[in-house]
Amino acid sequence: MPLYAYRCDEDGPVEVMRPMGAAPPTVSCPACGADATRVITAPRLRGDGARIAAIDRAEASRTEPTVVSAPPPRAVGPRPAPRLDPRTAALPRP
């Protein structure tokens, strides 16, 4: 069953599950009882598990960012030389 999004002027977003195509243009807000008008949103399409997990992490980071106590440790030792493309090997380096 699709989830339809509405917006109440007093309380903000309201989501309602209705059968496909049966969503009215307005519903009453469950918090205050005022009319909430329907808003158009992007469809939430199903995908593979990795894609859904990435979308969920991105949405959660908007309101619940991950907090760290320290920066990641630096790698010890010299960095490996970057692989050069043979087509640009003859170009001068800075």
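Small disclaimer: the values here were computed from a predicted structure and weren't measured. Side-chain atoms are counted along with the backbone in the values below, which use heavy atoms only and exclude waters and symmetry mates.
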A.B. asks: For atom CG of D9, decide whether the heavy atoms of other residues, nucleotides or ligands shown that lie under 6.0 angstrom number more than 12.
C.D. replies: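 For D9, atom CG is not crowded (no more than 12 foreign heavy atoms under 6.0 Å).
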
A.B. asks: P2 and P19: which non-hydrogen atoms are nearest, and at how many Å?
C.D. replies: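 What the structure gives for the nearest pair is CD-C, 4.2 Å.
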
A.B. asks: More than 12 heavy atoms of other residues, nucleotides or ligands under 6.0 Å from CE of M20: yes or no?
C.D. replies: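 No, not enclosed.
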
A.B. asks: Between Y4 (side chain) and G21 (backbone), is there a donor-acceptor pair under 3.5 Å?
C.D. replies: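 Here the side-chain-to-backbone pair exists.
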
A.B. asks: Out of curiosity, C29 SG to D35 CG, how far, rounded to the nearest 0.5 Å?
C.D. replies: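 Taking SG in C29 and CG in D35, the distance rounds to 10.0 Å.
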
A.B. asks: Heavy atoms only: give me the nearest C8-C32 pair and the separation to one decimal.
C.D. replies: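 The answer is SG-SG, 3.6 Å.
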
A.B. asks: Can you measure from CG (D85) to OG1 (T88) and round to the nearest 0.5 angstrom?
C.D. replies: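 Between atom CG of D85 and atom OG1 of T88 there are 4.5 Å.
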
